[in-house]
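Just below is one structure, and these are the notes that go with it.
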Amino acid sequence: MTPPNRILVGDAATMLASLPPQVVDCVVTSPPYFRLRNYQHPGQLGLEQDVDEWAQNLRAVMREVGRVLVPTGSVWLNLGDSYSTGGSVAAKSLLLGPERLALALIEDGWLIRNKIIWAKRNPMPSAVGDRLTCSWEVIYFLTREPHYFFDLDAIREPHTSTKQPVRSVRGWSVPPEWRVASSNNSGLDALAARGQVGHPLGKNPGDVWRLSTASYRGPHHAVFPVALAERPILAGSPERRCARCHAPWRRSTLHQLGHLAVRGELQPSCQCPSSSEPAVVLDPFMGSGTTAIAAERHGRNWIGVELHADFARSAEQRIADVRAIDEQRRAA
């Protein structure tokens, strides 16, 4: 397998074809949108003759993504729409590119588990006067199998009610041994009977994510925020996995320890007599390196693919700079 924590320079489908099957736990990516930007590179996605060709090209990349994904893996696909300038679709009409791709992926057997709305707190202002400003983008949460790894507790949000007697602990802000495991409906019923408003760790964040856009002074203009990559990585990739079969390690069930709701150590979900290793997060359109930064911050390995060599070098430098800053903060 390709050594982790590096960027492969080249076409996404071609580079993914060089990877062995079933080695990636989670994919977080934002492919080039149709006719939005020209990155001045031959063979780039996004400059196709029509939006259907764009969807088919991404469909081919997603077939390779499905091949390298472990059976319990998931894909989080950030997409934006474009307006027609004429041709097969009347000028000024939305092209519905994300929906066209989503329907093609369903035909290929992908399961679309959520259509998440990224509601931008600070959307770009628009000078257009005959329609509303575009202030959101879509993130499709996809899997290949009906049963997959998903850690809801890692991304729960604090309850807004003041009636909850058990202190909430956010999964990503505390040591791993204090994280809370999944509970079922009967557990929530018991909490309600004790007068608690819900799960001790917090509420399900829902499918509308209100996050600010990113600020980055680099050659790549389309940058999504680290916070946008963190949620899919925390929910969709295990902290550790079996080093042999890549089955996810999971945490034990919810219990109380004083005023905190906690769970035990990570445990294997397979019978392999093997050690564990970090999960692997893939971004086949690495761009500025945001997915890699989020993966490293949460102890995951990563693999990136980037067509543009200059963007790859810039991303590697950004990742190294952020890594150094994070190490200094931990040492302080």
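In the hydrophobic clustering of this structure, Leu282 does not group with Val9; members are Ile, Leu, Val, Met, Phe, Trp, Tyr whose side-chain heavy atoms approach within less than 4.5 Å, directly or through other members. Residues Leu96 and Leu105 do not share a hydrophobic cluster, defined by chaining ILVMFWY side chains whose heavy atoms lie under 4.5 Å apart. Cluster membership for Leu58 and Val65, using ILVMFWY side-chain heavy atoms within less than 4.5 angstrom, is shared. No single ILVMFWY cluster, assembled from side-chain heavy atoms under 4.5 Å apart, contains both Met124 and Val128. No single ILVMFWY cluster, assembled from side-chain heavy atoms under 4.5 Å apart, contains both Tyr83 and Val89.
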Could you walk me through whether Arg100 and Asp52 pass the salt bridge (Lys or Arg N to Asp or Glu O under 4.0 Å) check?
CA-CA 7 Å; Arg100 293 171 190 253; Asp52 288 320; 2.9 Å; yes
Checking Ser82 against Trp54 for the side-chain contact (heavy atoms from CB on, under 4.5 Å) test, could you report, in this order, the C-alpha distance in whole Å, the side-chain angles of both residues, the deciding distance, and whether it holds?
CA-CA 12 Å; Ser82 305; Trp54 170 83; over 6 Å; no
Please step through side-chain contact (heavy atoms from CB on, under 4.5 Å) for the pair Val305 and Phe285, ending with a clear verdict.
CA-CA 6 Å; Val305 180; Phe285 302 97; over 6 Å; no
Before giving the answer on side-chain contact (heavy atoms from CB on, under 4.5 Å), spell out for Trp76 and Ile233 the whole-Å C-alpha distance, their side-chain angles and the decisive distance to 0.1 Å.
CA-CA 9 Å; Trp76 305 72; Ile233 289 170; over 6 Å; no
Given side-chain contact (heavy atoms from CB on, under 4.5 Å), test Ile117 with Asp207 step by step and report yes or no.
CA-CA 6 Å; Ile117 300 302; Asp207 57 4; over 6 Å; no
Step by step, work out the salt bridge (Lys or Arg N to Asp or Glu O under 4.0 Å) result for Glu99 and Lys115.
CA-CA 10 Å; Glu99 288 82 358; Lys115 181 179 180 180; 3.6 Å; yes
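The distance from atom CD of Gln267 to atom CZ of Arg251, rounded to the nearest 0.5 Å, is 9.5 Å. Atom CG of Asp321 sits about 10.0 Å away from atom CZ of Arg318, to the nearest 0.5 Å. Atom OG in Ser276 sits 10.5 Å away from atom CZ in Arg241 (nearest 0.5 Å). Leu228 contributes atom CG, which lies 6.0 Å from atom CG of Leu211 (distance to the nearest 0.5 angstrom). Note that CG of Asp151 and OG of Ser237 are 9.0 Å apart. Values are rounded to the nearest 0.5 Å. Put simply, CG on Leu101 and CD1 on Ile106 are 10.0 Å apart, with the number rounded to the nearest 0.5 Å.
Residues Trp302 and Ile319 meet the side-chain proximity criterion, which asks for heavy atoms closer than 4.5 Å. For the pair Thr133 and Pro125, the minimum side-chain heavy-atom distance is 4.5 Å or more. Residues Val75 and Met62 form a side-chain contact, since some pair of their non-hydrogen atoms from C-beta on lies under 4.5 Å apart. Under the 4.5 Å side-chain criterion, counting only non-hydrogen atoms from C-beta, Val68 is not in contact with Ile303. Val281 has its side chain out of reach of Asp25: every pair of non-hydrogen atoms, C-beta onward, lies at least 4.5 Å apart. Between His246 and Thr72 there is no side-chain heavy-atom pair separated by less than 4.5 Å. Side-chain contact between Asn57 and Glu48 is present, with heavy atoms from C-beta onward closer than 4.5 Å.
Using modelled atom types, one finds a donor on one side chain and an acceptor on the other under 3.5 Å when comparing Glu137 with Asn78. With no hydrogens or angles considered, no side-chain donor-acceptor pair links Glu239 and Trp249 at under 3.5 Å.
Put simply, the side chain of Asp283 never gets that close to the backbone of Gly289: no donor and acceptor are under 3.5 Å apart. With hydrogens and angles ignored, the 3.5 Å screen pairs no side-chain donor or acceptor of Arg210 with any backbone N or O of Ala119. No donor-acceptor pair closer than 3.5 Å links the side chain of Arg244 to the backbone N or O of Cys242. Checked by atom type and distance alone, the side chain of Asn301 never pairs as donor or acceptor with a backbone atom of Asn5 at under 3.5 Å. Here the side chain of Glu306 pairs a donor or acceptor atom with the backbone of His308 at under 3.5 angstrom. The main-chain N or O of Ser84 is never found under 3.5 Å from a side-chain atom of Ser93 such that the two would form a donor-acceptor pair. Side chain of Ser269 to main chain of Ala247: no donor-acceptor pair is present (N/O by atom type, distance under 3.5 Å, no hydrogens or angles).
For the pair Arg144 and Trp110, the distance from NZ or CZ to the six-membered ring centre is under 6.0 Å and the angle to the ring normal is within 45 degrees.
Contact record, Met286 with Ala292: CE-CB, 3.9 Å, taken as the closest heavy-atom pair. Here the shortest heavy-atom pairing between Arg250 and Phe149 reads NH1-CD1, 3.5 Å. Shown here for Pro205 and Arg231, the closest heavy-atom pair between the two residues is CB-NH1, 4.1 Å. Closest non-hydrogen pair, Ala12 versus Val61, comes out as CB-CG1, 4.1 Å. Between Pro20 and Val23 the shortest heavy-atom distance is O-CG2, 3.4 Å. Annotation for Cys26 and Pro232: closest pair SG-O, 3.8 Å, computed over non-hydrogen atoms.
Ring geometry for Tyr148 against Phe150 counts as perpendicular: the plane angle is over 60°, on a 0 to 90° scale with 30° as the lower cut.
Note on Asp130 versus Lys92: salt bridge recorded, some NZ/NE/NH1/NH2 to OD/OE distance being below 4.0 Å. Using a 4.0 Å cut-off between charged nitrogen and carboxylate oxygen, Glu64 and Arg67 count as a salt-bridge pair.
No more than 12 heavy atoms of other residues, nucleotides or ligands shown are found within 6.0 angstrom of CZ on Arg113.
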